[in-house]
Amino acid sequence: MANETDAPLSITRDDAPDGVVLSLAGELDPHTAPDLQDVVEAILAGDGPGALALDLGGLTFVDSSGLRVIIAAKQGADERGWSFELRSPSDTVQRLLDVTGLTDHITIRS
Amino acid sequence: MAPGAAPPVRLSIPAQARYLRVARLTAAALAGDLDFSVDDIEDLRVAVDEACAVLIAGDGDDPEAVLELAYAVDGQGVVIEGSTTVGAGRAPEVHVVTAEVLAMTADACDFATDAEHRSFTLRKEPRGQDA
């Protein structure tokens, strides 16, 4: 049974020997994007540099606010010497990444 | 309204980001009854979300502010109008990434402002076939 208090975006952190993976599920929009930004900033401000990956496979919605957090994450990673990549974008998310040119600047793994 | 045309669906939600989901769900439900592909519906969800987000962005939080939306069928497509008192008198600010996304997902989206309201009119026609 669905939990009525489930947040619209869940962020699951996995600390692996080769880096940190944040798995996102749900909706990334103006309401939830600040939550992701906070998590990313905390990781990049911590022990590093290292590798950070965002797994987008569970996202059911993304808009420009989410894309802007991804852009900021990439910039923050670059500034601190972290590697950064996106994983498993859906077709819709991939289209958004394409139209904004992010695919030219960010490693994306299917 | 043309004779025989379905009346618009009207929605009134708090002008807060947490309620944009409701605007998206309503757009998807309406488009689902039309000849919109899955991709078209996804685009419409994104487009209405982006337009609403631009409208309600403001430098102050008025917990009483409301976003009024009207969803109408226009031929084969959908026209969505939004209006709020948030930021009235100030031109809506459209970030470059937002503008790119809107250009991809909507056929047209025009913003306007006057002394009492900010508004948008968004149009989307079905365009693609599902793969």
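Naming convention: chains lettered A, B, ... in sequence-line order (proteins, then strands); numbering from 1 in each chain.
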Under 4.5 Å, heavy atom to heavy atom: which of residues 63-82 of chain A reach chain B? Give them by number, or say none. A:Asp63, A:Ser64, A:Leu67, A:Arg68, A:Ile71
Count the heavy atoms belonging to other residues, nucleotides or ligands that lie under 6.0 Å from CG of A:Asp15, then report whether that count exceeds 12. yes
Residues which pass side-chain contact (heavy atoms from CB on, under 4.5 Å) with A:Val93, listed by chain and number, not counting sequence neighbours: A:Leu56, A:Val62, A:Pro89, A:Ser90, A:Leu97
Distance-minimising heavy-atom pair for A:Thr60 and B:Glu42: O-OE1, 4.3 Å
Got a sec, which residues hit salt bridge (charged side-chain N to carboxylate O under 4.0 Å, His left out) with B:Asp43, two or more places apart in sequence or on another chain? A:Arg95, B:Lys124
Side-chain contact, heavy-atom cut-off 4.5 Å: A:Glu27 with B:Arg24? yes
So if you build clusters from Ile, Leu, Val, Met, Phe, Trp, Tyr with side-chain heavy-atom gaps below 4.5 Å, do B:Phe36 and B:Val48 land together? yes
Is it the case that one hydrophobic cluster holds both B:Val66 and B:Val54, taking links as side-chain heavy atoms less than 4.5 Å apart, direct or via other members? no
Is it the case that one hydrophobic cluster holds both B:Val38 and A:Leu96, taking links as side-chain heavy atoms less than 4.5 Å apart, direct or via other members? no
Joint hydrophobic cluster, A:Val21 plus A:Phe84, side-chain heavy atoms closer than 4.5 Å: no
Rounded distance (nearest 0.5 Å) linking atom CG of A:Asp29 with atom CZ of B:Arg45: 10.0 Å
With the 4.5 Å side-chain cut-off for hydrophobic clustering, are A:Val99 and A:Leu28 part of the same group? yes
Just so I understand: if I count every heavy-atom pair under 4.5 Å between each of A:Asp91, A:Thr100, A:Thr32 and chain B, which residue has the most? A:Thr100
Can you list the residues that meet the salt bridge (charged side-chain N to carboxylate O under 4.0 Å, His left out) rule with A:Asp35, with sequence neighbours excluded? none
So which part of B:Glu100 gets closer than 4.5 Å to some heavy atom of chain A, the side chain, the backbone, both or neither? both
Working for side chain to side chain contact (heavy atoms under 4.5 Å, CB included), residues A:His31 and B:Leu20: CA-CA 8 Å; A:His31 178 52; B:Leu20 294 181; over 6 Å; no
Could you tell me which of B:Thr105, B:Val46, B:Leu102 has the largest number of non-hydrogen atom pairs under 4.5 Å with chain A? B:Val46
For A:Thr92, which atoms come within 4.5 Å of any heavy atom of chain B: side chain, backbone, both, or neither? side chain
